[in-house]
Amino acid sequence: MRTVFESRTFHGYSDRDSGRVFENLEFRRCIFESCGVSITRDPSKRSTIRNVQLQGCEVAGCALDAGIVEDVLVDGLRTADLHHSWGAVFKHVVLRGRIGRIIISTEGFHSVFDPPSWVDPFAEPNKDYYQKVDWALDISEAEFADCDIRGVPAGLIRRDPETQVVVTRQKALEGTWRHLDLSATYWETAIQHFLEAGTPDLVLVAPKRSRVLKPLLAGLKLLR
């Protein structure tokens, strides 16, 4: 049984170092402004979001930090700006419908004020987590305005093969993509960042609501 919130506005909610469990919740046409969930740099204090649904909601100035997100459905999400997720892990999370601009990174939040010796405290816990997951994200029915996914294993992402393509490290290191004309896309930058990050694979997502969808799809065709 879920607790349902409908047409509510949540402003300034901050979940920091709490280790809380948010579960059995449903939000319908709600607005979230300047909110943050699981803001922490300590893996033992990360929060869990479980069995939650968001239907036609909107976020502005919000962030999902290093949470554990399981059995969640996001069906339509308006974003006032680029919506970030830093250090979170996912299990059975479905994004579908019209989704705004999002970036998902398994790397924890890294401030410019951190020392050069900074080590991501979530690198190993997140790696261990994904070894026990059958699938993490389903983005096959999502119509993104923009989408950047970093660090989530490609094999754990359910995708639309026409618009969401896997690049392996082995293929990227071969370097043949450098000789393709990808100038009308941002795939070259995405692949370069992927190589620098050291992760084994990457899913390139051509956002279905992007004004430059056609050249992005043409670039994916060249990469194939």
Side-chain angles (χ1 to χ4, degrees), residues 9-14 27-39 49 52-67 69 72-90 93-112 136-152 154 156-160 162-167 182-194 196-197 199 202-220:
T9 297
F10 300 86
H11 181 80
Y13 181 81
S14 180
F27 300 90
R28 303 172 182 169
R29 299 179 299 280
C30 291
I31 299 173
F32 300 86
E33 300 174 335
S34 303
C35 297
V37 177
S38 196
I39 304 170
I49 301 94
V52 173
Q53 291 192 5
L54 287 86
Q55 307 268 0
C57 292
E58 180 177 348
V59 293
C62 298
L64 166 66
D65 277 29
V69 188
V72 167
L73 168 66
V74 179
D75 190 350
L77 183 70
R78 295 182 61 186
T79 61
D81 44 25
L82 185 60
H83 182 63
H84 290 271
S85 171
W86 299 113
V89 287
F90 304 91
V93 174
V94 178
L95 305 179
R96 74 184 184 200
R98 294 170 64 88
I99 306 288
R101 302 174 60 231
I102 68 168
I103 180 169
I104 294 172
S105 175
T106 55
E107 184 177 287
F109 180 75
H110 184 192
S111 168
V112 294
L137 294 170
D138 185 338
I139 59 171
S140 61
E141 298 182 52
E143 300 176 12
F144 295 106
D146 196 8
C147 179
D148 186 352
I149 300 176
R150 306 176 185 178
V152 181
L156 300 182
I157 299 177
R158 296 182 170 181
R159 56 191 176 83
D160 168 22
E162 295 300 316
T163 61
Q164 301 159 357
V165 173
V166 175
V167 177
L182 301 173
S183 58
T185 77
Y186 41 72
W187 300 141
E188 187 173 356
T189 300
I191 295 172
Q192 187 60 50
H193 286 171
F194 154 62
E196 293 169 359
T199 49
L202 168 72
V203 174
L204 296 177
V205 178
K208 295 178 181 177
R209 295 197 294 120
S210 172
R211 288 177 291 181
V212 293
L213 176 60
K214 187 175 289 187
L216 289 174
L217 290 176
L220 292 182

Check against side-chain contact (heavy atoms from CB on, under 4.5 Å), W187 and V167: CA-CA 11 Å; W187 300 141; V167 177; over 6 Å; no
In chain order, what residues pass the side chain to side chain donor-acceptor pair (under 3.5 Å) check against S14, with sequence neighbours excluded? none
How would you list, by chain and number, every residue that makes a side chain to side chain contact (heavy atoms under 4.5 Å, CB included) with D75, sequence neighbours excluded? Q55, L73, R96
V72 side chain near V94 side chain, heavy-atom distance below 4.5 Å: no
Over all atoms of both residues, closest heavy-atom pair of T106 and G151: OG1-CA, 3.4 Å
Indicate the atoms forming the closest heavy-atom contact of R101 with L82, along with that distance. NH1-N, 3.5 Å
Backbone N/O of I139 and side chain of Q164: donor-acceptor pair under 3.5 Å: yes
Give a yes or no on whether E188 atom CD has more than 12 heavy-atom contacts from other residues, nucleotides or ligands under 6.0 Å away. no
Quick one: pull up CZ in F144 and CG in L213 and give me the separation to the nearest 0.5 Å. 13.0 Å
In sequence, state the C-alpha distance, the side-chain angles, and the governing distance for V152 and I157, and then conclude on side-chain contact (heavy atoms from CB on, under 4.5 Å). CA-CA 8 Å; V152 181; I157 299 177; 3.8 Å; yes
With rounding to the nearest 0.5 angstrom, report the CD to SG distance, E33 to C62. 7.5 Å
Backbone N or O of S140 within a donor-acceptor pair of the D138 side chain at under 3.5 Å? yes
Residue pair L95 / E141, side-chain heavy-atom distance below 4.5 Å: no
Just one of V37, T9, L54 clears the side-chain contact (heavy atoms from CB on, under 4.5 Å) bar with F32, so which one? L54
With side-chain contact (heavy atoms from CB on, under 4.5 Å) as the test, pick out the partner of V69 among V52, V89, L137, L64. L64
Reported CG-to-OG1 distance for the pair L220 and T163, which is rounded to 0.5 angstrom: 8.0 Å
Can you find a pair of side-chain heavy atoms, one from R209 and one from R98, that are under 4.5 Å apart? yes
Quick one, L202 and V166 - any side-chain contact, counting heavy atoms below 4.5 Å? no
Which pair of non-hydrogen atoms, one from V205 and one from Y186, has the smallest distance, and what is that distance? O-OH, 4.4 Å
To the nearest 0.5 Å, what is the distance between CD1 (I149) and CD1 (I102)? 6.0 Å
Return the minimal non-hydrogen interatomic distance between A142 and K208, and the atom names on each side. O-CD, 3.7 Å
Nearest atoms (heavy-atom pairs only) where H84 meets I103: ND1-CG2, 2.9 Å
Which atom of A145 lies closest to which atom of P207, heavy atoms considered: O-CB, 3.4 Å
State the CD1-CZ distance between I99 and R78, to the nearest 0.5 angstrom. 12.5 Å
With sequence neighbours left out, write down each residue that passes side chain to side chain contact (heavy atoms under 4.5 Å, CB included) with E162, or none if nothing qualifies. D160
Once you round to the nearest 0.5 Å, how far does CG of L204 lie from OG1 of T185? 9.0 Å
